[in-house]
Amino acid sequence: MSSASPNQGHRYRLDLSSYQLLDGDRQVRLERQPMELLILLVERKGHLVTREEIAARFWGDGVFVDTDRNINSIGRKLRSAFKDDPDHPAFVETVVRKGYRFIGPLEVSPQRPDAPARPATQDSPLPHSAARLPRLRFRTLAIGGAAAAFLIAGFTWHMLRSTGPGLNTVRSIAILPLENDSGDASQDYFADGMTQELTSELAQSTQLRVISHTSVLQYRNARKSVPEISKELHVDAVVEGSVQRSGQRVRVTAQLIRTASDHALWSNTYERDFRDILSLQRDMAGDIAEQVKIKLTGNGTPPRPLNPAAHDLYLQGLFHFEKTTESDLRAAIGDFQKAIDKDPNYAAAYAGMADAYVVLGTFYWPAPLTMPQAKAAALKALELDPGLSEAHVSLGSGYYYYDWDWVAAEREAETAIRLNPNDAYAHDLLAGCYGKVGRFNGAMAELRRAQELAPRAAEIVGDTVFWAFFSRNYDLAIANGKAAVATEPDNAFAQVFLGMAYAKKGQMTEALRHADLARQFDRGPLIASFRANVYALAGRNAEALAQLHEVEKQRVEHYSCAYEVGTAYILLGQTDRGFGWLNNAYDGRSNCMILLKVD
């Protein structure tokens, strides 16, 4: 007895008017190239489409590309969209070393009669930079088996122009993670680094809100439609695409998509030698900026000569840094140092090292072991390139958490924002500078801006709860906390401060529930000490003491802020012991000591 097909229950439809593949009413996420391959195969349904024909349609002649690898990748993505088994295909049949044949049932909805049409053209290949959308100009066809294949004809491809209607309304954008099209998972770091650097280039505008890279990372390999992503990130447009590295050559394909309609507004393909990768990124950002009619605020100077080996190590460092575990941060520092060893004038590598030391000193290691190194690396980065906003943020963080020099920290945050108004972490640092001295209205305004730029950054979302709590606006802290954990229930920081806000309101059941959830998601000593404060506020003294004893044991091997241990003991009435911990926090330059004025 044969097993049931995995495609039973699916009803696929190709809607050419909206350039979408649908499964019933649900959109199947499909990039431009797999979509174009599908249209080409359906146009020749039941017949073999050779690899040479696919290459000619996609890239034309004289273009650098590993066609076999690219076609294989595109074919895999198309099969994946149909959940097709390559060994027993129901839709896309592979003819080994020859090409592909479409064999499955598919309903095709053509272009709407009221949509503009151009005379049909031959299937001559367009320039590889063209964004090509299909137009089919006759009534809907139900295609199944071998019937009616000859009716699928008359596709017209056209280039999208920057003069299209409504482009000047794009005022917010997200660069989605570029797909690694190399077929080698070890190159994921390269695709991720390219995404981050493109985001940084495009962020140099006062006219465009660019979502931070940290907030788009979750969409890597996510099967969500563009409208779904835009709703979550609150953007008008997204850029998606792929990157392929072959030896010393790099090819990037990107398209700009209006999120309201899920239609491509522009696409292009860029090919460069690896040494010219910074120019490639700058050109891409400039082209996208031109499409949405905004200007970038860079200084216009050409990128400095690139040491390919150093840049590769730098991208590996970024890849580790984004994971934010202690081991990954240590690995990132090692990668950045190796990059500096190969290129001692590499400012971005110094800035990356500074960032990694700041995060280590905030969550994992005592500040005296990390913050001096962070400041030194940031100062060296700024000596080499005073325009690096991220280095100003790292230097400001050192002033803020370690030197307790609020004036200098505020100055660095403001400088970073002036250089890059889309730097969410600069706005977050400025919010901390304001909050530390009781300027809570200013702090919350900066946090709102930071959250617009990084709506999914856990630390920024947590800070919206944190500073609302310390402003004594417990209703706002609860509202912000509930919004945060609704989308990110594992945000332990938001959970525990939501619990503290409930405790201040006397709602102890909810307070303890959220404190326990925080501990469930984060077993480290910092969250445990915050949880002990919630239990102390709730009058659950024995459990608070037990938690503090556990924290003291954990701190033997894992660093944690001594300040929160001290406040918990004071809440429990053990004043002398509490002040002893506060003295330890002061002597150890604990970053939580910044709260002393407003706690």
Side-chain angles (χ1 to χ4, degrees), residues 4-46 49 74-86 89-93 100-117 131-145 147-149 151-158 160 176 179 219 221-233 237-238 240-242 255-265 267:
S5 167
N7 281 288
Q8 287 185 357
H10 293 276
R11 184 172 62 84
Y12 292 107
R13 177 166 60 91
L14 177 60
D15 189 333
L16 296 171
S17 290
S18 63
Y19 198 55
Q20 292 179 336
L21 176 64
L22 303 170
D23 180 4
D25 295 328
R26 182 183 66 84
Q27 180 185 358
V28 179
R29 183 163 174 75
L30 201 59
E31 290 184 0
R32 180 177 63 85
Q33 288 186 330
M35 175 65 83
E36 291 187 2
L37 177 59
L38 173 61
I39 293 166
L40 177 60
L41 295 178
V42 170
E43 183 182 4
R44 303 269 299 279
K45 187 174 187 297
V49 179
I74 296 166
R76 283 196 302 271
K77 292 175 182 178
L78 182 57
R79 279 197 302 268
S80 176
F82 285 102
K83 303 179 175 63
D84 212 9
D85 183 346
F91 290 90
V92 182
E93 180 184 48
Y100 297 94
R101 181 185 293 114
F102 194 85
I103 59 175
L106 180 68
E107 178 183 329
V108 177
S109 298
Q111 178 188 8
R112 295 186 302 272
D114 60 345
R132 300 175 293 181
L133 297 183
R135 302 295 186 214
L136 187 61
R137 298 177 293 151
F138 44 84
R139 71 179 188 275
T140 300
L141 301 175
I143 303 176
L151 294 176
I152 307 300
F155 290 107
T156 302
W157 303 86
H158 68 89
L160 289 167
L176 300 183
E179 291 202 15
Y219 299 107
N221 302 321
R223 300 190 66 83
K224 288 188 176 182
S225 68
V226 166
E228 285 178 302
I229 294 172
S230 71
K231 184 177 180 181
E232 294 175 1
L233 296 178
V238 301
E240 66 176 8
S242 60
Q255 60 178 343
L256 175 68
I257 301 172
R258 174 176 291 287
T259 56
S261 61
D262 200 14
H263 283 174
L265 302 173
S267 75

Could you pull out all residues at least two apart from Glu93 that satisfy side chain to side chain contact (heavy atoms under 4.5 Å, CB included)?
Pro89, Arg101, Ile103
Rounded to the nearest 0.5 Å, what's the gap from CG on Leu40 to OH on Tyr100? Could you check?
12.0 Å
Spacing of Arg13 atom CZ and Asp25 atom CG [to the nearest 0.5 Å]
7.5 Å
Can you give me the closest heavy-atom contact between Lys45 and Phe102, atom names plus distance?
CG-O, 3.6 Å
Decide yes or no on side-chain contact (heavy atoms from CB on, under 4.5 Å) for Val28 and Phe82, but give the supporting numbers first.
CA-CA 9 Å; Val28 179; Phe82 285 102; over 6 Å; no
Rounded distance [0.5 Å steps], CZ in Phe91 versus NZ in Lys83
10.0 Å
I would like to know whether Leu38 and Leu106 meet side-chain contact (heavy atoms from CB on, under 4.5 Å); could you show each step before the answer?
CA-CA 11 Å; Leu38 173 61; Leu106 180 68; 4.3 Å; yes
I'd like to check the side chain to side chain donor-acceptor pair (under 3.5 Å) partners of Ser242; sequence neighbours left out, ordered by chain and number.
Asp181
Heavy-atom closest pair (Ser267 atom, Gln255 atom, distance to 0.1 Å) is CB-CB, 3.7 Å
When rounded to the nearest 0.5 angstrom, what distance separates CG in Leu176 from CD1 in Ile229?
5.0 Å
Just how far is it from atom CG of Leu14 to atom OG of Ser109, taken to the nearest 0.5 Å?
8.0 Å
Hey, does Pro227 have a side-chain heavy atom less than 4.5 Å from the side chain of Thr259?
no
Test salt bridge (Lys or Arg N to Asp or Glu O under 4.0 Å) applied to Arg79 - qualifying residues, sequence neighbours left out
none
So, for Ala90 and Pro105, which heavy atoms are closest and what is the spacing to 0.1 Å?
O-CD, 4.3 Å
Determine whether a donor-acceptor pair (N or O, by modelled atom type, separation under 3.5 Å) exists between the side chain of Asp23 and the backbone of Tyr12.
no
Do Val49 and Leu37 come within less than 4.5 Å of each other through their side chains, counting heavy atoms only?
no
If I compare all heavy atoms of Gln20 with all of Gln27, which pair ends up nearest, and what's the gap?
NE2-OE1, 3.5 Å
